[in-house]
Q: 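Got a structure for you, questions after.
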2 protein chains.
Amino acid sequence: MKNTVQYFRALADETRLRILALLLNSGELCVCDLTATLQLPQSTVSRHLSYLKNAGWVNDRREGVWIFYMVSADNDLKRQLAEVLKERLADIAVVEEDIRRLASFAEGAHCA
Amino acid sequence: MKNTVQYFRALADETRLRILALLLNSGELCVCDLTATLQLPQSTVSRHLSYLKNAGWVNDRREGVWIFYMVSADNDLKRQLAEVLKERLADIAVVEEDIRRLASFAEGAHCA
DNA sequence: GCAATATATCCGGATAGGCGAATATGTCAA
DNA sequence: TTGACATATTCGCCTATCCGGATATATTGC
């Protein structure tokens, strides 16, 4: 039960929902892409990523200087929720903008 | 977006998940049945019901002295989440016990 | 080793939200 | 109108979590 509550607690925040929407849309992203897309302070983005990781919602992978995050849907509940999020978040205006903004960055050209 | 966050915030608490699991299982229940089943102080149950109502997760209906609560899944997101909850919460030990305890009460014999 | 970049963590301060005993409100029946 | 019961709200207290600037900690290339 505690895990279940934690999964939902992690979803109870606008920034984290935006992050998950972007990751579900793109597969994986590094912190700098997320920071640029969300237009939020780097410490804020990093803190929320750390929260999502602790809650079991994302994994990370280092590649040189960059750390890429991806959604980890490794049980039935998370899998089903991820499906709902992928389908429903895309309708929300802020998320639409985020996805558009992310797409407008040059491919593979991470960070400033 | 604010509504979406609020839906998830309402799910980010063990007591509220237990309440929703019971309501999804039974259709509707009065506060005294919930209090007896959850074995929590009445003020706690009432407070969480009020939270769920504000968040748009439940509706209530008065019948004499009793107030019955039922899940309100009146949009796609809530409908899909309710489906996931109904399927997934039932596996959790605490919820199984709750449902068993509720069933053990005499039918229609509300409250002490 | 040093500079540059990416990421994580620390800090102080604000706010939300949890709890349960006590109390208020609402409804019915006699 | 009074008593009994169901429900809601108030209260003080405590913990979690948010924020973002400042500061650490990688990692890479020179």
Side-chain angles (χ1 to χ4, degrees), chain A residues 1-19 22-23 28-55 57-70 105-106 108-112, chain B residues 1-3 5-20 22-23 28-55 57-70 94 105 108-112:
Chain A
M1 174 54 115
K2 280 190 178 175
N3 285 338
T4 305
V5 172
Q6 205 178 10
Y7 295 148
F8 284 114
R9 220 189 286 279
L11 302 180
D13 178 273
E14 167 162 351
T15 302
R16 290 195 291 270
L17 287 181
R18 290 170 71 194
I19 290 174
L22 287 168
L23 293 179
E28 65 173 23
L29 291 169
C30 66
V31 183
C32 54
D33 283 336
L34 286 168
T35 303
T37 304
L38 299 170
Q39 302 183 303
L40 290 172
Q42 181 263 327
S43 69
T44 296
V45 175
S46 185
R47 183 165 20 87
H48 284 295
L49 283 169
S50 159
Y51 194 120
L52 286 170
K53 188 177 169 185
N54 275 330
W57 266 113
V58 301
N59 286 325
D60 57 349
R61 168 178 78 81
R62 170 153 239 147
E63 187 172 325
V65 186
W66 299 285
I67 299 187
F68 287 86
Y69 282 85
M70 66 226 71
F105 299 153
H110 303 295
C111 318
Chain B
M1 174 53 115
K2 281 191 179 175
N3 284 339
V5 172
Q6 204 179 13
Y7 295 148
F8 284 113
R9 218 188 286 279
L11 302 181
D13 178 271
E14 167 162 350
T15 302
R16 290 194 292 268
L17 286 181
R18 290 171 69 195
I19 290 174
L20 287 175
L22 287 168
L23 293 179
E28 65 175 22
L29 291 170
C30 66
V31 183
C32 54
D33 283 336
L34 286 168
T35 303
T37 304
L38 299 171
Q39 302 182 302
L40 290 172
Q42 181 264 328
S43 69
T44 296
V45 175
S46 186
R47 181 160 25 84
H48 284 294
L49 283 169
S50 159
Y51 195 120
L52 286 170
K53 187 176 168 185
N54 275 330
W57 266 113
V58 301
N59 285 327
D60 58 349
R61 167 179 79 81
R62 169 153 238 147
E63 187 171 325
V65 185
W66 298 287
I67 300 186
F68 287 86
Y69 283 84
M70 66 226 72
V94 195
F105 299 155
H110 302 297
C111 317

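Numbered from 1 within each chain, the chains take letters A, B, ... in sequence-line order. Predicted model only: the values in this text are computed from it and were never measured.
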Q: Strictly below 4.0 Å, heavy-atom distances to any atom of DNA chain C: list the hits from residues 57-65 of chain A, or just say none.
A: A:Val65
Q: Dump the pairs, protein N or O against N or O of nucleotides 20-22 of chain C, anything under 3.5 Å, distances to one decimal.
A:
residue: C:dG20; atom: OP2; partner: B:Thr44; partner atom: OG1; Å: 3.0
residue: C:dG20; atom: N7; partner: B:Arg47; partner atom: NH2; Å: 3.0
residue: C:dA21; atom: N6; partner: B:Ser43; partner atom: OG; Å: 3.2

Q: In this structure, how many angstroms lie between the P atom of D:dA8 and the CG atom of B:Leu49, rounded?
A: 7 Å
Q: Within the structure provided, determine whether A:Arg47 and A:Thr44 are in side-chain contact (heavy-atom separation under 4.5 Å).
A: yes
Q: From the list D:dA8, D:dA6, C:dT7, which nucleotide is the closest neighbour of the side chain of B:Tyr69?
A: D:dA8
Q: In whole angstrom, what separates B:Leu38's CG from D:dT7's P?
A: 13 Å
Q: Out of the candidates A:Asp13, A:Val45, A:Leu34, A:Leu38, only one should pair with A:Arg18 under the side-chain contact (heavy atoms from CB on, under 4.5 Å) rule; please name it.
A: A:Leu38
Q: Could you check whether any side-chain N or O of A:Ser46 sits under 3.5 Å from a backbone N or O of A:Gln42, counting only pairs where one atom can act as donor and the other as acceptor?
A: no
Q: Establish, with yes or no, whether the OP1 or OP2 oxygen of C:dG17 is under 4.0 angstrom from a side-chain nitrogen or oxygen of B:His48.
A: no
Q: C:dA4 C1' sits how many Å from A:Trp66 CH2, rounded?
A: 12 Å
Q: Which atom pair, heavy atoms only, marks the closest approach of B:Arg9 to B:Arg16?
A: O-NH2, 3.3 Å
Q: Pick out the pairs of N or O atoms, protein on one side and nucleotides 13-17 of chain D on the other, that lie under 3.5 Å.
A:
residue: D:dT17; atom: OP1; partner: A:Tyr51; partner atom: OH; Å: 3.3

Q: Looking only at non-hydrogen atoms, find the nearest pair between A:Leu52 and A:Ile19 and report the distance.
A: CD1-CG2, 3.8 Å
Q: What is the separation between atom CD on B:Gln39 and atom P on C:dC19, rounded to the nearest whole Å?
A: 15 Å
Q: List in chain and number order the residues that pass salt bridge (Lys or Arg N to Asp or Glu O under 4.0 Å) with A:Glu14, two or more places apart in sequence or in another chain; answer none if no residue qualifies.
A: none
Q: Taking all non-hydrogen atoms of both residues, which atom of A:Thr35 and which atom of A:Leu40 are closest, and how far apart?
A: CG2-O, 3.2 Å
Q: State the CG-CG distance between A:Leu49 and A:Leu23, to the nearest 0.5 angstrom.
A: 7.5 Å
Q: Ignoring hydrogens, what is the shortest heavy-atom contact between A:Cys32 and A:Trp66? Give both atom names and the distance.
A: SG-CD1, 3.9 Å
Q: For B:Arg62, enumerate each residue passing the salt bridge (Lys or Arg N to Asp or Glu O under 4.0 Å) test, keeping only those at least two apart in sequence or located in another chain.
A: none
Q: Please round to the nearest 0.5 Å and tell me the distance separating atom OG1 of B:Thr15 and atom CG of B:Leu20.
A: 11.0 Å
Q: Measure CZ/A:Phe8 against P/C:dG17 and give the value in whole Å, please.
A: 17 Å
Q: Given atom NZ of B:Lys53 and atom P of D:dT7, what is their separation to the nearest angstrom?
A: 13 Å
Q: Is any side-chain heavy atom of A:Leu11 closer than 4.5 Å to one of A:Trp57?
A: yes
Q: Would you kindly give the CG-to-C1' distance between B:Leu34 and D:dA6, to the nearest whole Å?
A: 13 Å
Q: If I take atom CD1 from residue A:Ile67 and atom CZ from residue A:Arg61, how far apart are they, to the nearest 0.5 angstrom?
A: 11.0 Å
Q: Would you mind reading off the bend of the helix from C:dG1-D:dC30 to C:dA30-D:dT1 from its two end axes, five pairs each, to 10 degrees?
A: 20°
Q: Please report the interatomic distance CG(B:Asp60) to CZ(B:Phe68), rounded to the nearest 0.5 Å.
A: 11.5 Å
Q: CG of A:Asn54 versus P of D:dC18: gap in Å, rounded?
A: 12 Å
